[in-house]
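Notes follow once the structure below has been shown.
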Amino acid sequence: MRSYKSLFYGIVFLIFIFFSNICSASKENDFLNDQRKGERIFKGFTVEGKSYNACIECHNIKPTVNINWAPSIFELQNKIKSDSDYDLASKFSNPSGELFIKLHSDISLDENEIKYIKSYILSVDKSNVNTRKSYFTLIKLLFSLILIFVSVFVIVKKQNIILRSLMSVSIIAASAYLSHTIYLQASNMGLSQYYAPDQPIKFSHKIHVQQNKLDCQYCHHSVDDSKSATIPHTNLCLNCHTVVREGGMSGKFEIDKIHKYITEHKHTKWNRIHSLPDHVYFNHSQHVNIAGLDCTECHGDVQNQHIQKQISPLSMGWCIDCHKERNVNVHNGYYKEFDINSNNKSVADQGGRDCSKCHY
Ligand code: HEC
Ligand code: HEC
Ligand code: HEC
Ligand code: HEC
Ligand code: HEC
Ligand code: HEC
């Protein structure tokens, strides 16, 4: 009998811990430190008598899949880390940039609020935010599993109606929590499939190619006559961005980076998206110039995307399938040189399936 009683108290304790997590988040605390005060303003618990959009509505504190033109909190951190409180205050009291003024016009922050916000922004640690959370989730998952096992055990062993119904309720609650968490984790996992790496500058093909009618070759100028398409050097961006200093979506923030990289003599470290293994030979000019293929055949609808991603699998099967189905273009100058005159030869017939053509 005694052992059941302690078991019962044990379970009540577990349930208490379980729900105290949820309650602690909403607990009022009059003795908040600067960081917490800043966090509250940033997240929209604005000071009484003031109303404006929470910073978090535009400035993300978590990674997203869709493009967010406003700088994330981590980018703000980078930008303001060497600013004094006064510098940050004057960004609001004496703002520059059309978009910045437009989006922050209803925000009024006093000296203290600026100090709080700054200390919050500087305190956020990207790696910390993620690891602490998953650790926490793991503990909660473990708790609910134990809770379920113990409850089942009690229901099987005990006749007491009240105890039994109590245990049934806890099983339902714990299972609901478990399946909800597992569902969230599972749907997050799939995201890596569409993962397009964050780039150091939010460069958009849609804005440059579709809206401003630039040719792909304007920037990827080696694509016609060499193996690689190459990513343009930041100097090329200056052709326009010495004049165009502000974008409609990101204001000065992203274009400022171009000038920062140039003045600091740094390369923009673009994250590579398409990448074949070293043992594969692929040549752009063979496909673009000689075969006359459009970029979209392999890269998809680049001109309509803000964020670049890999559309094709780049697998061996993908290369060979196309070689089997396409004919070589024997009418261009390249093949006249080699005196090939049969018309209906697929790339594969022509040698496009030979291991040595694609492998070093
Ligand atoms: C409606 C969207 C929106 C809201 C709300 C918003 N911002 Fe911004 N913010 C932006 C955008 C977009 C930029 C980039 C524009 C630019 O710098 O020209 C920006 C830029 C900034 C910058 C960078 C300035 C620099 O040095 O270039 C700071 C700092 C900033 N915001 C702070 C805040 C704070 C603090 C709040 C909340 C009190 C806030 N923002 C609310 C959209 C927003
Ligand atoms: C104004 C210059 C510019 C123009 C015009 C341009 N690009 Fe790009 N392109 C870039 C930059 C910068 C990057 C690297 C950043 C990124 O991945 O978004 C890039 C990246 C890419 C990538 C991904 C490279 C990788 O890492 O695997 C592809 C594919 C691409 N461009 C294709 C195209 C195509 C197709 C067009 C024409 C429809 C085009 N680009 C027009 C500048 C340009
Ligand atoms: C041939 C001219 C030209 C070149 C070259 C060029 N851009 Fe642009 N870029 C523009 C124009 C035009 C806009 C649109 C400005 C606007 O929104 O009104 C723009 C907008 C942008 C924006 C802001 C988008 C927005 O709406 O907020 C960024 C960021 C940008 N470009 C980055 C780059 C980078 C990085 C390069 C070099 C790889 C580059 N651009 C090369 C003409 C150019
Ligand atoms: C037949 C398919 C195919 C076509 C057509 C094609 N590409 Fe590519 N592209 C690739 C492959 C495959 C890679 C990866 C190459 C590697 O990793 O060596 C790539 C890589 C790139 C890159 C990354 C930098 C590099 O050279 O590795 C850019 C930029 C690019 N392509 C732009 C273009 C542009 C612009 C066009 C049209 C003018 C185009 N591509 C046409 C298949 C193609
Ligand atoms: C969308 C169709 C398409 C895809 C995808 C494609 N190719 Fe090709 N490839 C062609 C065509 C068409 C030719 C013939 C060019 C010509 O006329 O000589 C060709 C020719 C070649 C050649 C020269 C063959 C020879 O006989 O000299 C090599 C090597 C090659 N491709 C490698 C690759 C590799 C590696 C990949 C995958 C990463 C790939 N290709 C993907 C269409 C494609
Ligand atoms: C049209 C181009 C092409 C031809 C022809 C080709 N391969 Fe490949 N092969 C590739 C590409 C692209 C990859 C890389 C695939 C990847 O990264 O998943 C690859 C990968 C491989 C791999 C590594 C497997 C792996 O999963 O990484 C081997 C082994 C291989 N090929 C053998 C061959 C042999 C043997 C032949 C001749 C019968 C051949 N290949 C013909 C394009 C080709």
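Numbering of ligands and ligand atoms starts at 1, following listing order.
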**OP:** Check whether the side chains of H284 and H220 place a donor and an acceptor atom closer than 3.5 Å, and report yes or no.
**Re:**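 Note: H284 and H220 side chains miss the donor-acceptor criterion.
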**OP:** Give the contacting part of K79 toward ligand 1: side chain, backbone, both or neither, where contact means a heavy-atom distance below 4.0 Å.
**Re:** side chain
**OP:** Mind checking whether L76 contacts ligand 1 via backbone (N, CA, C, O), side chain (CB onward), both or neither, at a 4.0 Å heavy-atom cut-off?
**Re:**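 For L76, only side-chain atoms sit under 4.0 Å from ligand 1.
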Subject >> Carboxylate-amine/guanidinium contact D256 K79, below 4.0 Å >> reply: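 A salt bridge is present here (some side-chain N lies under 4.0 Å from a carboxylate O).
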Subject >> Distance filter under 4.0 Å to I258 heavy atoms, resulting ligand 3 atoms >> reply: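 Listed by number with element, the hits are 32 (C), 33 (C), 34 (C), 35 (C).
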Original post:
Between the candidates C55, A54, G247, A70, which shows the shortest non-hydrogen contact distance to atom 38 (C) of ligand 1?
Top reply: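 Among C55, A54, G247, A70, the closest heavy atom to atom 38 (C) of ligand 1 comes from C55.
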**OP:** Do me a favour and list the nearest non-hydrogen protein atom to atom 2 (C) of ligand 4 with residue, atom name and distance?
**Re:** C298 SG, 1.9 Å
Subject >> Min heavy-atom dist I273 to ligand 4 below 4.0 Å >> reply: no
**OP:** Taking only heavy atoms of D294 into account, list the atoms of ligand 4 that are under 4.0 Å away from them.
**Re:**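 Taking each heavy atom of D294 in turn, ligand 4 has 5 (C) under 4.0 Å.
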Original post:
Is it true that some N/O/S atom of C240, main chain or side chain, lies under 2.8 Å from atom 8 (Fe) of ligand 3?
Top reply: no
Subject >> Side chain, backbone, both or neither: I207 near ligand 3, heavy atoms under 4.0 Å >> reply: side chain
**OP:** On the 0 to 90° scale, with breaks at 30° and 60°, tag the F42-H59 ring pair as parallel, tilted or perpendicular.
**Re:** tilted
Subject >> N or O contact, H104 vs ligand 1, cut-off under 3.5 Å >> reply: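 Yes - when backbone and side-chain N and O of H104 are compared with those of ligand 1, one distance drops under 3.5 Å.
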